[in-house]
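Residues: numbered from 1 along the sequence shown. Just so it is clear, the values below take in all heavy atoms, side chains as well, and ignore hydrogens, waters and symmetry mates.
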Amino acid sequence: MRRLTKLAGNGVVAKELLPLPVPEVTEEERDWMSRQSDAHHKSGVSDQALNLAAGSRAWLWLLVVCLNFLYSSRGKMKSRATVCGPPSLAQVASLDGLEALVFDFVCQEGTIPSQDWREFLAMRNTNFNGGEVTVARKLEWRLLEPTLPPRDSIGVVAAADLAEGGVAEYLNNPDWLLKPRSEWPVRPGQARVQVVQDGWEEVAAGLVESKNDFLDNTLHEAWIPYLAFGRPVDGSVIGLQAELRKDAVLPGADKAYWQAYLDNYDGVQTVKQDQLGELEGSLSEWQKAVREAYQIWGLPRKEKKTVVRSLTADTLGGGQVDGVAGLIRPRLAKVLQYLGYVLHMLNEGMVSKNGLQIGLGGLVYFAQFRRPVMSSFRFVWKHLRHISSGPKAKLPVAVQDELLLSICLLPLCCIDIRAPVSLLVTISDASESGGAVCGSTRLSEMGIKAARAPPETQRGEDEKTVASNRDSLLVVGLFDGICGLGRALEVLRVPLCAYISCEIDAKAVRVVKSRFPQVRELGDIGKVTRTKIQDFAVEFPRVSLVLIAGVAPCQGVSGLNASGLGLDDPRSALHGHIGKIKKTWAVVRLLDENVASRSNEDLGTYSEDAGFVPLIICAGGISRCRRPRFYWVDWSIQSGPGVRIPEGEMYHKVFLEAQLAPVNRWAASGWFPAGGESHRFHTFSRAIPQDKPTFKPAGISKCSAKDV
């Protein structure tokens with residue numbers, strides 16, 4: 001390439017990378033290629049190498065011309081779209097890189113399929129937003145039966161044996177997932193049955209006959225009421241004893257299980273060059289563990305589908321990974337198929353809107369492997385907006401140009417997994433009417449602070465601190481106030497998946513939004529429905545632990561309130577909503593705090609609701625202030641240094657011991673507690689000015705006349 005791009009000209013080297021010099025073949029080069037061709041023929045070498053070289057050279061010419069065309073604003077710039085001088089070092093490097101990409105692309109073995117493009121379109125359609133969807137074929141029993149595995153090839157695993165906590169509860173109680181009856185639609189949606197009308201009863205009979213291999217062994221009985229055929233079935237076809245009904249239990253349902261189908265898994269590993277020979281063809285540790293699990297659970301394994309470590313692989317997303325070249329490309333078969341269809345469209349010159357969307361969808365999919373290629377599409381979007389669905393319409397010249405342009409850029413549609421990371425951070429946005437892009441110039445003050453922070457506080461540096469959907473904690477703060485729980489977790493650097501807050505005080509909510517803008521607000525706990533909880537289950541399906549914590553209003557049960565109504569106080573009744581929140585989709589832990597100055601009757605009621613007795617903990621052991629509180633905690637807390645927990649009947653009392661800082665460390669000079677160094681202050685409570693004492697105020701009996 002270095003030799004081929006030294007073009008004749010004025011001898012001035014270009015200062016800019018673009019436009020690139022267009023490769024040309026001089027008389028001397030033609031002579032050289034001719035001599036090379038004669039040498040190959042004399043040595044008995046086939047023309048394949050020469051054909052590859054010629055094909056690469058032709059496609060490289062197209063690629064450079066198209067890049068220059070885009071650089072010149074599609075030929076509208078006043079400056080030239082080509083250069084005539086010798087290439088600069090940067091241009092030589094770029095041309096070498098383009099040549100390598102083109103050669104790798106052309107060297108792939110394959111041909112454009114010869115097929116009926118009407119059938120190709122008949123099997124495809126577009127969804128509501130223009131994306132391509134494959135149209136399902138109408139099935140018959142003769143096509144369906146061979147796809148069902150024989151009995152000895154079925155692996156059966158009880159899903160409940162693999163699940164725990166809330167997930168297991170939902171598997172065994174699917175009715176929990178139902179919306180309230182009042183929210184049901186008048187007519188529930190129904191899936192389309194893709195079976196030919198005349199063959200439906202044969203399919204139904206075949207499925208029922210196969211039920212002993214599938215339904216009896218894969219379904220938990222709780223799901224049986226929700227099973228039904230999508231079309232009416234004659235009872236004489238399937239037999240009354242085998243009929244699937246919503247109001248009857250499937251025979252043998254007491255032996256039903258869920259069947260776990262493990263989907264494909266893509267694993268990519270970066271290794272050193274000298275490790276390739278040792279690792280290729282071997283199993284990863286994850287694969288070994290999976291195969292051991294298969295043996296434990298008695299799951300059969302198809303040898304034809306067995307995979308091992310390989311330098312090349314197909315991904316679930318439709319890409320081909322080439323570990324040798326370090327590239328990820330779209331599958332060649334798909335590239336050739338859509339290349340053939342787009343060329344067919346161009347040859348016809350007429351296409352329907354649906355047909356154009358399907359062809360364009362394939363090209364856009366390829367461009368996703370190198371997103372700047374998307375810039376080749378412009379007029380086609382306007383054309384799609386202005387044409388209607390229906391008969392074929394003529395393709396405008398501008399749209400034809402863009403389709404050809406995108407085909408010429410296909411060698412660029414790959415991901416270089418060895419490309420260095422750019423220090424330039426960009427952000428872009430676009431719409432049908434315009435777009436913009438911004439690039440970074442330097443770190444902001446916040447960025448500098450984050451860069452200098454300890455590694456454990458930098459998200460992504462340490463796997464233990466990454467707030468992932470699978471490993472992190474989801475917190476629900478009930479009666480949350482100013483989010484004290486959230487602040488405590490922040491101090492402890494606990495990674496959170498999300499924090500959900502229930503609070504109705506507008507001032508407290510404003511404080512939380514200012515300090516913790518990422519907190520999800522649920523508002524009034526009394527208005528939190530099961531549907532809302534299910535929404536969070538959908539958003540965070542793999543959360544492993546949910547912490548529900550809160551302090552329900554205590555005015556009604558507090559000993560400070562001599563006129564309190566106890567559990568009859570409407571505010572005390574809010575405590576009952578905690579049980580509603582506890583029914584979630586994951587393992588749940590409860591932290592429920594409330595005042596210690598309450599009657600034994602109220603204490604017993606709270607413990608009965610929780611299902612266990614509380615701990616009573618006073619902060620006076622580790623601070624200068626007493627604050628005895630009941631804590632209903634449903635996980636084990638052990639005694640240890642500075643912590644003693646003797647068991648009690650109605651509660652377990654926790655004794656905390658710690659060496660406190662001397663008074664002169666925090667008190668103003670000359671000030672000292674009246675009770676001495678070991679004195680503990682009473683529980684702090686909000687001071688409310690009163691013209692006269694309230695009804696039986698706490699502590700007034702211990703005050704002198706002077707105090708009052």
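Taking Val397 as the reference, Asp401 meet the side-chain contact (heavy atoms from CB on, under 4.5 Å) condition, with sequence neighbours excluded. Leu144 pairs by the side-chain contact (heavy atoms from CB on, under 4.5 Å) definition with Leu139, Trp141, Thr147, Val203, Leu207, not counting sequence neighbours. With sequence neighbours excluded, no residue satisfies salt bridge (Lys or Arg N to Asp or Glu O under 4.0 Å) with Arg442. Under the ring-ring contact (aromatic ring centres under 6.0 Å, His included) criterion, Tyr499 pairs with no residue, sequence neighbours left out. Under the salt bridge (Lys or Arg N to Asp or Glu O under 4.0 Å) criterion, Arg418 pairs with no residue at all, not counting sequence neighbours. Listed by chain and number, the residues in a side-chain contact (heavy atoms from CB on, under 4.5 Å) with Cys438 are Ile427 (sequence neighbours excluded). Taking Gln295 as the reference, nothing meets the side-chain contact (heavy atoms from CB on, under 4.5 Å) condition, with sequence neighbours excluded. Residues forming a salt bridge (Lys or Arg N to Asp or Glu O under 4.0 Å) with Glu490 (at least two apart in sequence, or on another chain): Arg487, Arg515. Judged as a ring-ring contact (aromatic ring centres under 6.0 Å, His included), and not counting sequence neighbours, Phe366 has no contacts. In this structure Lys382 satisfies the salt bridge (Lys or Arg N to Asp or Glu O under 4.0 Å) test with no other residue, sequence neighbours excluded.
Separation of atoms CG (Leu363) and CD1 (Ile358) is listed at 12.5 Å; rounding is to 0.5 Å. For the atom pair Ser88 OG and Leu17 CG, the distance stands at 6.5 Å (nearest 0.5 Å). To the nearest 0.5 Å, the span separating OG on Ser72 from CG on Leu67 amounts to 11.0 Å. Atom CD1 of Ile415 sits about 13.0 Å away from atom CG of Asp322, to the nearest 0.5 Å. Rounded to the nearest 0.5 angstrom, Ser94 OG and Leu89 CG are separated by 11.0 Å. To the nearest 0.5 Å, the span separating CG on Leu489 from CG on Leu473 amounts to 7.0 Å.
Two residues are said to be in side-chain contact when any heavy atoms from C-beta on lie closer than 4.5 Å; His383 and Pro396 meet this criterion. In this structure, the side chains of Leu336 and Thr111 stay at 4.5 Å or more apart for every pair of heavy atoms. The shortest distance between side-chain heavy atoms of Glu16 and Gln91 does not fall below 4.5 Å. No side-chain heavy atom of Thr312 sits less than 4.5 Å from a side-chain heavy atom of Val321. A heavy-atom distance below 4.5 Å is found between the side chains of Leu101 and Leu327. A heavy-atom distance below 4.5 Å is found between the side chains of Leu403 and Met345. Residues Ser388 and Lys353 fail the side-chain proximity criterion, which asks for heavy atoms closer than 4.5 Å. Between Gln287 and Val290 the shortest side-chain heavy-atom distance does not fall below 4.5 Å.
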Criterion side chain to side chain contact (heavy atoms under 4.5 Å, CB included) on Leu360 and Leu384, from CA distance to verdict: CA-CA 10 Å; Leu360 183 63; Leu384 282 174; 3.7 Å; yes

Residues Ser440, Leu424; criterion side chain to side chain contact (heavy atoms under 4.5 Å, CB included); working and verdict: CA-CA 6 Å; Ser440 61; Leu424 177 65; 3.8 Å; yes

Derivation of the side chain to side chain contact (heavy atoms under 4.5 Å, CB included) call for Val519 and Lys513: CA-CA 7 Å; Val519 167; Lys513 286 185 176 180; over 6 Å; no

Stepwise side chain to side chain contact (heavy atoms under 4.5 Å, CB included) test for Leu496 and Leu474: CA-CA 6 Å; Leu496 300 183; Leu474 178 68; over 6 Å; no

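At most 12 non-hydrogen atoms from other residues, nucleotides or ligands lie less than 6.0 angstrom from CZ of Phe103. The local environment of CZ in Arg118 is sparse, with at most 12 non-hydrogen atoms from other residues, nucleotides or ligands closer than 6.0 Å. Under a cut-off of 6.0 angstrom, the local environment of CD in Gln518 is crowded, with over 12 non-hydrogen atoms contributed by other residues, nucleotides or ligands.
When atom types are taken as modelled, the side chain of Arg370 and the backbone of Leu412 share a donor-acceptor pair closer than 3.5 angstrom. Side-chain atoms of Trp59 come within 3.5 Å of backbone atoms of Cys408 as a donor-acceptor pair (strictly under, hydrogens ignored). Between the Gln275 side chain and the Lys272 main chain, a donor and an acceptor come within less than 3.5 Å of each other. Remark: side-chain polar atoms of Glu99 are not paired, donor with acceptor, to backbone N or O of Ser56 under 3.5 angstrom. Put simply, the side chain of Tyr341 gets close to the backbone of Gly355: a donor and an acceptor are under 3.5 Å apart. Panel note: side chain Gln320, backbone Arg331; no donor-acceptor pair is recorded below 3.5 Å. Remark: the backbone N or O of Val437 is not paired with any side-chain donor or acceptor of Ser428 at under 3.5 angstrom.
Applying the salt bridge (Lys or Arg N to Asp or Glu O under 4.0 Å) definition to pairs two or more places apart or across chains, those involving residues 402-413 are Arg74-Glu402. Sorted by first then second residue, the salt bridge (Lys or Arg N to Asp or Glu O under 4.0 Å) pairs that include residues 275-285, not counting sequence neighbours, are Glu285-Lys288.
In terms of heavy atoms, Val64 sits closest to Pro21 at CG1-O, 3.6 Å. Between Pro87 and Val92, the shortest heavy-atom contact is CG-CG2, 3.7 Å. Between Leu283 and Val307 the shortest heavy-atom distance is CD2-O, 3.9 Å. In this structure, Asp104 and Ala325 approach most closely via the heavy-atom pair OD2-CB, 4.5 Å. Leu98 and Leu63 get closest at one heavy-atom pair: CD2-CD2, 3.9 Å. Residue Leu409 comes nearest to Cys66 through the heavy atom pair CD2-CB, 4.0 Å, listed as atom of the first residue, atom of the second, then distance.
The aromatic rings of Tyr338 and Phe120 sit perpendicular to each other, their planes meeting at more than 60°, with 30° as the lower class boundary.
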